[in-house]
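Every chain is numbered from 1, with letters handed out A, B, ... down the list of sequences. The figures that follow rest on heavy atoms only: side chains count, while hydrogens, waters and symmetry mates do not. Treat the numbers as computed from the prediction; the structure is a model and nothing was measured.
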Number of protein chains: 2
Amino acid sequence: MAVDQRRSPSASERKRDPERTRALLIEAAAAEFGAKGYAATRTTDIAARAGVNKQLISYYFGGKEGLYKEIATSWHTSAAEMASTEQPLDQVLAGFVQTTLTDQGRLWAWANLAGDSPPVDEAFLRNQVDQLRDRQRAGEIPSDLDPGLLLLALMAAAAAPLTLRQTAGQITGEDPATPEFAAKYADQLALLVRHLSGRA
Amino acid sequence: MAVDQRRSPSASERKRDPERTRALLIEAAAAEFGAKGYAATRTTDIAARAGVNKQLISYYFGGKEGLYKEIATSWHTSAAEMASTEQPLDQVLAGFVQTTLTDQGRLWAWANLAGDSPPVDEAFLRNQVDQLRDRQRAGEIPSDLDPGLLLLALMAAAAAPLTLRQTAGQITGEDPATPEFAAKYADQLALLVRHLSGRA
DNA sequence: GATTAAGTCAACTCATTGGTTGATAAACGA
DNA sequence: TCGTTTATCAACCAATGAGTTGACTTAATC
């Protein structure tokens with residue numbers, strides 16, 4: 001027993017660790033909210049998944065709603081990061097298809113339906129629209145399409161495995177929530193966009 | 001007081017009318033479920049909207065869940081009808097965009113996210129995929145696209161004003177839940193499909 | 001080491017909500 | 001016309017679930 005425990009608290013092995021607890025709760029909440037939506041999620045389930053007492057939800061986030069908002073706003077920032085990088089269109093879409101599989105993505109879908117708070121960073125959207133406009137000028141994309149509506153259509157299409165999960169399953173006979181499916185689907189979208197630009 | 005009330009019961013003016021009550025409940029329920037999703041919907045709200053005592057939900061449908069299922073299955077049939085008509089692709093999409101505005105449409109979106117029951121008539125989907133394949137053979141659509149995934153992408157895109165309501169609002173600055181928006185958006189999709197087929 | 005502060009938990013409270021009960025009235029058949 | 005069935009409602013009930021309380025325990029500070 002000569003080892004000094006405090007030398008490297010290293011979070012994971014400490015008995016008490018507020019940061020870790022917070023993180024556990026946030027992670028568990030994202031999973032639960034993402035799977036069932038806000039209304040159907042039970043705080044008890046969140047706590048159980050996090051392996052922690054449910055009172056701590058109140059302690060750290062002031063309750064169910066506070067916890068939800070914490071998560072809802074956290075992706076604002078992650079989306080903002082994404083906004084900065086300027087990639088080819090099919091890359092952007094592929095990335096988008098990927099987020100489909102994450103808890104964040106599911107949460108975003110719920111929020112959209114429920115009409116919660118504006119769930120995406122405005123700057124990100126504006127940026128994407130601008131880039132689409134540029135591509136139009138460059139002749140990559142037909143000029144008679146409205147860039148805003150086109151972005152909307154492409155985002156919606158990319159989110160299909162998520163928003164139309166059931167229907168996707170019915171059509172393809174596969175489980176749309178797998179990385180393999182996402183990859184295949186992203187390829188198809190890339191192909192589609194390429195056809196759009198005329199240079200198949 | 002000589003008039004014989006019973007001569008023409010005419011539903012709407014009768015004091016008691018099971019059929020009418022049932023219909024009122026179904027309509028109200030579709031609206032409520034569509035707006036908030038199953039979990040967030042209160043039976044009290046349904047009854048209030050229908051202008052009827054809440055106990056009648058149990059009386060006629062055996063409870064909240066029974067009422068929900070009643071509605072969830074009812075669109076199966078309406079979708080099946082839609083399946084029979086063979087229209088040009090942009091017409092199909094336009095029709096789809098339209099349903100976006102209905103309670104049925106919203107309900108369908110919720111069901112897809114929640115992973116409820118398979119929410120669309122299988123025959124309808126198969127039919128649409130087959131038609132897409134035909135169009136491919138006819139050269140209307142690039143042959144290297146998978147018809148199933150293409151259908152998925154197009155349906156998802158068409159449902160954008162619904163599934164990405166918030167985001168749509170952010171992008172366009174308009175309310176996507178209006179007939180005007182739906183019309184404009186449907187036009188864009190038609191245009192997009194036309195570009196896809198190469199004959200801009 | 002004693003004191004204080006922070007973190008965690010089990011048990012409890014209280015509002016909400018779906019569902020039930022029993023009374024009441026309209027429709028209907030004999 | 002009278003009894004029976006059907007439809008409707010107001011009031012009640014039981015269960016659930018979010019949030020609170022107070023005790024207890026670990027860590028930090030003096």
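- For the pair A:F61 CZ and C:dT8 P, the interatomic distance rounds to 11 Å; values are reported in whole Å.
- Using modelled atom types, one side-chain atom of A:K64 and one backbone atom of A:T41 make a donor-acceptor pair closer than 3.5 Å.
- Rounded to whole Å, atom P of D:dG19 lies 10 Å from atom CG of A:L67.
- The distance between atom CD of A:Q55 and atom C1' of D:dC24, rounded to the nearest whole Å, is 13 Å.
- Atom-to-atom, CG of A:L56 to C1' of D:dC24 comes out at 14 Å; the value is rounded to the nearest Å.
- In B:Q136, the CD atom is crowded: over 12 heavy atoms of neighbouring residues, nucleotides or ligands sit closer than 6.0 Å.
- In this structure, A:D45 atom CG and D:dA18 atom P are separated by 8 Å, rounded to whole Å.
- Here A:T43 reaches the OP1 or OP2 of D:dA18: one of its side-chain N or O atoms lies under 4.0 Å away.
- Between the side chains of A:Y38 and A:D116, no donor N or O sits under 3.5 Å from an acceptor N or O.
- Put simply, CD1 on B:I57 is 13 Å from P on C:dT17, counting in whole angstrom units.
- Taking every side-chain heavy atom of B:R42 into account, C:dT17 is the closest of D:dG17, C:dC9, C:dT17.
- Within the 4.0 Å cut-off from OP1 or OP2 of D:dA7, at least one side-chain nitrogen or oxygen of B:Y59 is found.
- In the displayed structure, B:K36 atom NZ is contacted under 6.0 Å by more than 12 heavy atoms of other residues, nucleotides or ligands.
- If you check distances only, the side chain of B:D17 never reaches the base of D:dA7 with a donor-acceptor pair under 3.5 Å.
- In this model, a side-chain donor or acceptor of B:R16 finds a partner on the base of C:dA25 within 3.5 Å.
- Along DNA chain C, the nucleotide closest to A:Y60 and the one closest to A:K54 are compared, and the more 5′ of them pairs with A:Y60.
- The pair A:K184-B:D146 does not count as a salt bridge, with every side-chain nitrogen at least 4.0 angstrom from each carboxylate oxygen.
- Taking 4.0 angstrom as the limit, B:T21 places none of its side-chain polar atoms (N or O) nearer than this to OP1 or OP2 of D:dA7.
- One interatomic measurement links the two molecules: CD of A:E19 to P of C:dT8, which rounds to 10 Å at whole-angstrom precision.
- Atom NZ in A:K64 sits roughly 15 Å away from atom P in D:dT20 (whole-Å rounding).
- Out of D:dT6, D:dC9, D:dT20, the shortest distance to the side chain of B:V52 is found at D:dC9.
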